[in-house]
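Not measured: the values here are computed from a predicted model.
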Amino acid sequence: MKPYLEKVTVADDASWSMVRVPRDPTIPFEWHHHPEYELTLTLNSRGCRFVGDHVGGYDDGDLVLLGPNLPHTWSSTSKLDGGKPHLVMVIWFRPEWARGLTGLLTELRPVAGLLQRSARGLKFSQAATGRVRARIEAIFDKPPADRLLDLIAVLLALAEDDAAEPLTAPSRSPQSTLASSGARIDRVLGHLHTHYTDELRIDRVARLAALSPSGFHRMFTRHTRLTVTEYVTRLRIGKACALLTEGDKQIAHIAEQVGYRSLANFGRHSRL
């Protein structure tokens with residue numbers, strides 16, 4: 001798996017970031033997070049969406065807004081048009097950028113509410129997506145100033161979508177104010193995302209954080225709203241779901257591949 005903390009760069013002529021990425025033959029499972037908000041439009045693609053503790057299917061035109069430091073990935077299973085690649089359009093902007101706009105401009109107060117709701121991840125309705133899809137698709141080919149105006153227009157339109165669905169459970173929403181714990185928690189998360197199939201050794205990961213086991217438990221739970229065991233279980237089950245969508249491997253083989261030596265134990269955890 002790739003490093004857990006994704007670094008988002010900003011071009012010299014802009015205050016926010018965007019990327020339009022054709023993915024072929026698949027959109028791979030790449031579990032990650034970053035301190036920016038993320039607006040993602042996925043086209044010509046079907047598969048599974050993983051956001052925090054949410055696992056769900058997605059289809060062409062999937063439009064989602066994610067709050068800062070909310071772990072996520074998409075994993076494709078098929079394309080609508082086999083002759084074209086999966087297409088992922090991503091827009092990132094930092095919390096201070098958003099606070100500057102919504103705090104200064106009264107007209108953008110609805111956007112502040114939208115961003116607050118995005119802490120749990122938001123899947124927008126088909127109607128709202130239909131209203132902004134063409135604008136998002138066109139934004140990548142416009143000059144910087146026009147792109148900024150279009151992004152603000154998109155966020156204002158999405159703020160009116162009362163049918164937008166939160167993705168994660170309320171008690172599992174990460175707190176962006178805890179992102180400042182920085183390198184210490186990222187070392188731990190990077191280790192877990194690399195070694196989640198191994199036997200979980202609390203003393204080992206506590207040493208990575210330079211904390212006692214009890215202090216480590218408090219820090220980890222405060223940051224992720226999960227115990228270490230719950231977090232590793234979600235990594236394993238999320239990867240198992242991705243493997244199940246990729247082919248016809250037997251469940252027993254997949255369970256062993258993601259770290260379960262007992263099929264019964266895998267079955268019990270997959271129902272949590």
Side-chain angles (χ1 to χ4, degrees), residues 1-8 29-38 48-56 64 66-75 92 94-95 115-122 166-242 255 257-262 265-266 268-272:
M1 300 180 70
K2 292 187 176 181
Y4 181 77
L5 179 62
E6 182 178 58
K7 303 293 186 181
V8 176
F29 184 94
E30 296 173 346
W31 188 240
H32 64 284
H33 82 125
H34 42 72
E36 293 81 10
Y37 289 94
E38 176 177 318
C48 288
R49 183 198 318 109
F50 304 84
V51 177
D53 58 9
H54 159 85
V55 178
V64 171
L66 305 175
N69 296 297
L70 183 56
H72 59 278
T73 189
W74 279 249
S75 180
W92 297 282
R94 296 187 65 83
L115 299 180
Q116 185 175 14
R117 291 161 60 204
S118 74
R120 293 174 56 190
L122 286 176
L167 295 176
T168 68
S171 62
R172 301 307 189 193
S173 300
Q175 294 176 301
S176 59
T177 56
L178 296 175
S180 58
S181 52
R184 178 177 291 183
I185 191 67
D186 283 327
R187 281 199 306 272
V188 172
L189 295 174
H191 174 82
L192 293 178
H193 278 254
T194 302
H195 300 285
Y196 67 95
T197 62
D198 300 341
E199 179 185 0
L200 179 60
R201 294 282 302 275
I202 298 298
D203 57 340
R204 181 178 301 169
V205 290
R207 284 197 298 271
L208 286 174
L211 292 169
S212 67
S214 60
F216 167 73
H217 274 298
R218 287 193 297 271
M219 181 199 72
F220 193 90
T221 303
R222 187 172 67 248
H223 188 93
T224 66
R225 297 297 186 91
L226 297 167
T227 67
V228 185
T229 300
E230 289 173 332
Y231 192 91
V232 170
T233 296
R234 292 183 186 279
L235 287 180
R236 290 176 173 179
I237 298 304
K239 182 60 175 178
C241 290
Q257 191 172 343
V258 300
Y260 289 100
R261 306 298 175 257
S262 164
N265 196 25
F266 170 73
R268 181 172 62 84
H269 282 178
S270 65
R271 290 191 293 271
L272 294 177

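- For the residue pair Tyr37 and Gly67, the shortest heavy atom distance occurs at CD2-CA, 3.8 Å.
- The minimum heavy-atom distance linking His33 with Asn69 is given by the pair ND1-OD1, 3.0 Å.
- Judged purely by atom type and a 3.5 angstrom limit, Arg120 uses its side chain to pair as donor or acceptor with the backbone of Thr168.
- Side-chain atoms of His32 come within 3.5 Å of backbone atoms of His72 as a donor-acceptor pair (strictly under, hydrogens ignored).
- With sequence neighbours excluded, the residues satisfying ring-ring contact (aromatic ring centres under 6.0 Å, His included) with His191 are His195.
- To the nearest 0.5 angstrom, Trp31 atom CH2 is 7.0 Å from Leu235 atom CG.
- A 4.5 Å side-chain heavy-atom check between Phe220 and Val205 finds every atom pair outside the cut-off.
- Heavy-atom neighbours of Gln116 CD from other residues, nucleotides or ligands within 6.0 Å: at or below the threshold of 12.
- Listed here is the closest heavy atom pair of Arg236 and Asp198: NH2-O, 2.9 Å.
- The side chain to side chain contact (heavy atoms under 4.5 Å, CB included) with Glu230 is formed by just one residue from the set Thr233, Thr227, Val228, Val232; it is Thr227.
- Across His54 and Leu167, no two heavy atoms sit closer than the pair CB-O, 3.2 Å.
- Nearest approach of Arg94 to Pro35, heavy atoms of both residues: NH1-CG, 3.8 Å.
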Quiz item: Step by step, would you call His217 with Ile202 a side-chain contact (heavy atoms from CB on, under 4.5 Å)?
Solution: CA-CA 9 Å; His217 274 298; Ile202 298 298; 3.7 Å; yes
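- Counting only N and O atoms by type, the side chains of Ser214 and Ser212 include a donor and acceptor under 3.5 Å apart.
- The line from OG of Ser75 to CZ of Arg49 is 12.5 Å long, rounded to the nearest 0.5 Å.
- Looking at every heavy atom in both residues, Ala209 comes nearest to Phe216 through CB-CD1, 4.0 Å.
- For Phe50, the ring-ring contact (aromatic ring centres under 6.0 Å, His included) criterion is met by Phe29, not counting sequence neighbours.
- Looking at Arg117, its side chain never comes within 3.5 Å of a backbone N or O of Pro166 through a donor-acceptor pair.
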Practice problem: Under the side-chain contact (heavy atoms from CB on, under 4.5 Å) rule, what do Leu200 and Leu192 come out as? Steps first, then yes or no, please. | Solution: CA-CA 9 Å; Leu200 179 60; Leu192 293 178; 4.1 Å; yes
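- The shortest side-chain heavy-atom distance between Cys48 and Trp74 does not fall under the 4.5 Å cut-off.
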